[in-house]
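Report on one structure; see the data block that follows.
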Amino acid sequence: MEKPTSKYRAPALDKGLDILELLASAHKPLSIVEISDGVGRSRGEIFRMLQVLEERDYIARAEGDGGYCITPRLFRLAMEQPPVRNAIEAALPVMHRLAETTEQACHLVVPSRDQIVVIARADPPGEIALVVRIGHRRPMSQSTSGHVLLAFQEEQVREHWLDLIAAQEADLDRKKLGRQLAQVRSQGHACARSHVVDAVIDLSAPVLDHGRAVCTVTVPFIEHRASGQTPERTIEALCKATAEISDILQYGAVTQRQ
């Protein structure tokens with residue numbers, strides 16, 4: 001793994017960070033051999049580092065094949081950062097009202113390199129809803145939340161994220177995705193069949209900082225026979241909720257078309 005030249009060196013720290021970055025970008029548990037190849041170091045060099053990282057709960061062995069995967073520990077540390085904590089504190093009361101009004105679950109999503117990650121959720125009062133766990137990740141290109149985050153970005157940021165996605169997805173149709181993002185920008189929100197669960201419509205709207213999406217609120221809409229809620233009514237409530245969160249965070253929710 002090629003690194004820029006640094007004035008100061010801390011070889012052990014370099015090894016640990018290389019391993020964490022590799023596992024964070026992997027889509028499956030990695031064996032010692034795969035980690036060794038991925039960071040460009042011998043198995044002997046990384047063996048003790050893997051043990052220490054496992055003891056400190058930064059990585060764990062996956063069930064079955066014994067490969068290593070990253071744990072939520074770094075995620076929990078990141079959640080303690082003031083900007084993230086402030087966004088969650090601002091969003092949760094609004095999200096709980098949204099869940100009660102629409103009778104649907106909702107979750108708060110932020111970008112993480114080429115993926116999205118769920119950092120908060122609100123459950124509806126009823127017994128039936130699709131609940132997404134906190135910490136859930138998906139490729140940005142394969143999620144409605146990711147499309148919203150991509151759509152409402154400055155062009156330079158969006159192209160950088162698309163480059164990261166393309167590096168992970170060799171079959172990415174960039175032109176098709178670009179057309180989808182243009183449609184999302186035009187309508188101000190996204191509405192699409194779930195990529196994961198049949199009979200679910202994912203509704204997602206951005207929390208905007210002067211036209212740039214800093215996070216999204218997403219509703220996995222399930223039609224209830226006994227409820228009068230529709231996707232159209234839910235989208236209306238969702239967009240009002242994200243505008244309110246933006247105002248609370250003093251971002252200002254003026255949409256800038258790009």
Side-chain angles (χ1 to χ4, degrees), residues 1-81 83-84 109-119 132-147 149-150 153 156-174 176-178 181 195-196 215-216:
M1 184 176 293
E2 189 175 337
K3 297 290 181 182
T5 302
S6 175
K7 182 178 179 180
Y8 301 104
R9 304 301 301 171
L13 180 58
D14 276 342
K15 281 188 284 189
L17 293 175
D18 285 348
I19 292 169
L20 290 175
E21 289 175 358
L22 177 67
L23 292 176
S25 63
H27 298 289
K28 66 179 183 66
L30 300 181
S31 67
I32 293 180
V33 174
E34 289 172 321
I35 295 172
S36 173
D37 292 342
V39 300
R41 299 179 184 271
S42 69
R43 278 175 280 181
E45 284 184 280
I46 66 170
F47 179 73
R48 289 185 181 179
M49 186 60 64
L50 289 172
Q51 287 189 317
V52 172
L53 290 172
E54 186 175 9
E55 289 171 0
R56 296 289 295 271
D57 192 34
Y58 285 98
I59 65 174
R61 291 180 185 270
E63 296 181 5
D65 62 9
Y68 288 92
C69 58
I70 200 162
T71 70
R73 181 170 174 78
L74 284 173
F75 174 74
R76 292 194 296 267
L77 290 175
M79 295 276 281
E80 291 301 315
Q81 292 297 302
V84 176
V109 173
V110 296
S112 177
R113 288 182 58 82
D114 63 320
Q115 298 183 329
I116 58 97
V117 59
V118 175
I119 63 171
V132 181
R133 65 175 175 81
I134 295 174
H136 171 73
R137 288 175 173 269
R138 277 193 62 75
M140 196 177 289
S141 63
Q142 299 173 27
S143 66
T144 307
S145 303
H147 284 191
L149 288 169
L150 281 164
Q153 293 299 327
Q156 183 178 0
V157 174
R158 181 165 54 248
E159 291 303 313
H160 172 65
W161 287 0
L162 288 171
D163 288 342
L164 293 176
I165 294 167
Q168 297 292 333
E169 302 177 31
D171 59 347
L172 177 70
D173 188 336
R174 199 153 172 164
K176 179 181 178 181
L177 180 57
L181 299 182
H195 292 76
V196 180
C215 53
T216 74

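On a predicted model such as this, the values are computed, not experimentally measured, just so you know.
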Worksheet entry | Under 3.5 Å side-chain donor-acceptor pair for Ser36 and Arg41 |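 Result is no, nothing qualifies.
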
Taking every non-hydrogen atom, the tightest pair across [X] and [Y]:
X: Ala12; Y: Met49; result: O-CE, 3.1 Å
X: Lys28; Y: Glu34; result: NZ-OE2, 3.0 Å
X: Pro29; Y: Gly67; result: CB-C, 3.9 Å
X: Leu20; Y: Tyr58; result: CD2-CB, 4.0 Å
X: Leu149; Y: Trp161; result: O-CZ3, 3.7 Å
X: Leu172; Y: Leu162; result: CD2-O, 4.4 Å

Between atom [atom1] of [X] and atom [atom2] of [Y], what is the distance when rounded to the nearest 0.5 Å?
X: Ile119; Y: His136; atom1: CD1; atom2: NE2; result: 14.0 Å
X: Glu159; Y: Leu150; atom1: CD; atom2: CG; result: 9.5 Å
X: Lys15; Y: Arg48; atom1: NZ; atom2: CZ; result: 9.5 Å
X: Met140; Y: Ile116; atom1: CE; atom2: CD1; result: 8.0 Å
X: Cys69; Y: Leu30; atom1: SG; atom2: CG; result: 9.0 Å
X: Ile19; Y: Leu53; atom1: CD1; atom2: CG; result: 5.5 Å

Worksheet item: Side chain of Glu45, backbone of Ser42: donor and acceptor closer than 3.5 Å?
Response: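 The answer is yes, because a donor-acceptor pair under 3.5 Å joins these two groups.
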
Worksheet item: Hey, is the main chain of Ala60 close enough, under 3.5 Å, to the side chain of Thr71 for a donor-acceptor pair?
Response: no

Would you check if [X] and [Y] make a side-chain contact, meaning some heavy-atom pair closer than 4.5 Å?
X: Tyr68; Y: Ile59; answer: yes
X: Leu181; Y: Arg158; answer: yes
X: Gln115; Y: Arg138; answer: no

Item to complete: Just do the side-chain contact (heavy atoms from CB on, under 4.5 Å) check on His147 and Leu177 with the steps written out, would you?
Response: CA-CA 8 Å; His147 284 191; Leu177 180 57; 3.5 Å; yes

Discussion item. Between Arg174 and Glu169 (salt bridge meaning N to carboxylate O under 4.0 Å), is one present in this structure?
Written reply: no

Response to the item:
side chain to side chain contact (heavy atoms under 4.5 Å, CB included) filter on Arg113, not counting sequence neighbours, yields Leu164

Worksheet item: Quick one: side chain to side chain donor-acceptor pair (under 3.5 Å) partners of Arg56, sequence neighbours excluded?
Response: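 With neighbours one apart ignored, the set is empty.
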
